[in-house]
Amino acid sequence: MIKTLAAQVKQYKLPSLLTPFFMALEVVVDILLPRTMGSLIDKGIQTGSMPDIYRYGGYMLLLAFLGLLFGVLAGKYAAQASSGFACNVRDAMYTNIQKFSFSNIDKFSTAGLITRLTTDVTNLQNAYQMIIRMCFRAPLTLIFSLVMAFSISSRLSMVFVVALAILVILLGLIIFRAMKYFNEVFEKYDDLNASIQENVSAIRVVKAFVRERHENEKFKEAAGGIYKMFVRAESVVANNGPVMMLAVYSCMLSLSWLAAQMITAGSLTTGELTTLFSYVMSILMSLMMLSMIFVMLTLAAASARRVVEVLNEEPDLVSPENALTEVADGSVDFEDVSFSYPKAHKSTAADRDSRGRARRHKSEPDIPDNGCAADSGDPSSGSVLSDINLHIHAGETIGVIGGTGSAKSSLVNLISRLYDVSKGCVKVGGRDVRSYDLDTLRNEVAVVLQKNVLFSGTILENLRWGDKDATVEDCVRVCRLACADEFINQFPDGYETYIEQGGTNVSGGQKQRLCIARALLKKPKILILDDSTSAVDTATDARIRQAFREEIPNTTKFIIAQRVSSIQDADRIIVLEDGVIDGFDTHENLLQHNAIYREVYESQTKGGGDFDQKGGAL
């Protein structure tokens, strides 16, 4: 864990080294000040020697200025180092998240990732600054103060040793109790972020169902959980102050009692006693500082574990060595394919180590001579897809229909290798998808998912996700194909219209058409529409399909739909039921020979409902 985080210091190594250096110089100055003050009292004030008063007073002013200078420099470099470290950690986490496959993403909740990128990294930033500053200052001050105290009077300095032993025990008990509560806080933070995220993203639904009170109660419960944990932890940590003050005053009383006798006997001067009092404060404050450091590091350790989980999470899907960088055509073949979703679980350190060892020994499945990769693993008893065999020619339009949960989306997700098959292989352009460079494959397979997502920015900026170099003319052309230009031209700002976060200022149908246009800009060899015309009217749906036939005839098109009218003019139609292909033929042949398809068609054309309202026949 430490090695992983230390690697993120990177270009901030110099500030990280200069901070403790100047911190050490500041400690030396702070230790010399009490001794100089003692000399001022003994050799200047008590003897009435003005030259000595000026001399030692000048020394103290010089030391104070140097202490200020070293402190400012230490603070400056500490801020650079800690802020830079936090920036690198966030960047590394975000970069790694972008590499995650869907199965990796399934292991982390969205709220959990947000907490790790924000709260957890902030805790690490504060801890790192404390490590390079206070973790050097406190021990050095403690050690130097003890050395200086013993150089003045070893007998009186034993008071410090006794006080230190007692304090170490008491503060250790306080820290141990506080650790338990701090370790539990971050689970509560995830609950709080999840509550906020769900409420804000679904605020329209909340208001439509008048659930504001319920959401408020849910948020209060999540916030209350954090409150209770912090109260418990801080209540324990608050004992630091009283315990420390008890030790300080006990030491002062003991020193005063013993020193009075020594001053009377002439074995200790007033200046030395004043110096010892200063060292008492330095020693005990250093110990208190160390106790707070341990509390902060305990809090940061919980954050560090969560951050390192993300940093060490290796993508389940990676490009193989000598990967193919060109897709020949849009043909698609499923050969004896079975698939089941990986079980989502919180990965442990042992899991990550074993995965790392496995990748070091075998980074990718072997690709045999027949061009089909070895099985990624045996499918579990809960297979989503079973024994799928399909052979689709480039340029074909394929309809996919099936009930909810029949694995329509799972089937097409395998084409762009969003998941890997559990058995068999999927080929694109005659080659196993696992033999391609991932970027190459996904650039040639454009997917319009069920959940259409637009980002904050203009319509043009959203469209150029498909091709960052696309001209305005290119964008207009694909919008015509997707029947999006008709509503874009009605906006006052046209293609410069600003899309709010989540596309809240456009309708569901408009959002779907913009997403289709964005996918077309990629000029893909395969286009997958995953129920992405469900929010448009049938006339617009028909125009979009006609434009596809006329404008992109060489692109293989997969159209997942619940409406038979959306796919009946496809070259062939796949009928899925419970992850198994029940039929694969033209619309006319399926009507004659496939009972499921015929019943769906009749129920919809006679107004009897959609696929999932057939009276339980499926």
Side-chain angles (χ1 to χ4, degrees), residues 16-38 60 63-64 66-68 70-71 73-75 78 126-176 178-179 237-256 258-259 272-301:
S16 298
L17 293 174
L18 288 176
T19 299
F21 172 73
F22 286 114
M23 206 79 255
L25 292 178
E26 185 184 10
V27 169
V28 170
V29 169
D30 289 345
I31 294 302
L32 291 175
L33 266 171
R35 197 62 185 260
T36 306
M37 183 177 64
M60 290 183 68
L63 289 172
L66 290 175
L68 174 64
F70 295 147
L73 290 173
N126 294 335
Y128 187 67
Q129 186 173 89
M130 184 167 283
I131 287 170
I132 59 179
R133 291 189 68 186
M134 298 308 166
C135 281
F136 281 89
R137 180 185 177 86
L140 287 176
T141 301
L142 179 65
I143 294 169
F144 288 170
S145 295
L146 277 173
V147 170
M148 296 299 286
F150 270 93
S151 70
I152 294 173
S153 174
S154 58
R155 177 186 171 189
L156 291 178
S157 297
M158 291 305 296
V159 173
F160 305 154
V161 176
V162 174
L164 279 174
I166 296 172
L167 275 176
V168 166
I169 294 172
L170 293 176
L171 294 178
L173 293 173
I174 291 172
I175 293 168
F176 180 77
M179 283 174 60
V237 174
N239 293 319
N240 270 5
V243 169
M244 187 61 61
M245 287 302 101
L246 176 64
V248 169
Y249 292 127
S250 298
C251 283
M252 285 186 171
L253 286 173
S254 300
L255 278 177
S256 299
L258 296 173
E272 289 174 334
L273 177 59
T274 303
T275 303
L276 282 173
F277 277 139
S278 297
Y279 289 141
V280 168
M281 294 301 297
S282 294
I283 291 170
L284 298 181
M285 287 302 106
S286 296
L287 194 60
M288 186 174 184
M289 197 182 300
L290 282 173
S291 72
M292 295 307 299
I293 289 172
F294 282 118
V295 171
M296 174 65 77
L297 292 181
T298 300
L299 187 65

Ignoring hydrogens and angles, write down the donor-acceptor pairs under 3.5 Å from the side chains of residues 17-25, residues two or more places apart or on other chains.
{"residue": "Thr19", "atom": "OG1", "partner": "Pro15", "partner atom": "O", "Å": "2.8"}
{"residue": "Thr19", "atom": "OG1", "partner": "Ala78", "partner atom": "N", "Å": "3.0"}

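Residues Ser282 and Phe144 form no side-chain contact, since every pair of their non-hydrogen atoms from C-beta on lies 4.5 Å or further apart. Two residues are said to be in side-chain contact when any heavy atoms from C-beta on lie closer than 4.5 Å; Thr141 and Asp30 fail this criterion.
Here Ile31 contributes atom CD1 and Glu26 contributes atom CD; the two are 11.0 Å apart, rounded to the nearest 0.5 Å. For the atom pair CG of Leu63 and CG of Leu68, the computed distance is 12.5 Å after rounding to the nearest 0.5 Å.
In this structure, Met37 and Thr274 approach most closely via the heavy-atom pair CE-CG2, 3.6 Å. Across all non-hydrogen atoms, the minimal contact from Leu33 to Met60 is CD2-O, 3.8 Å.
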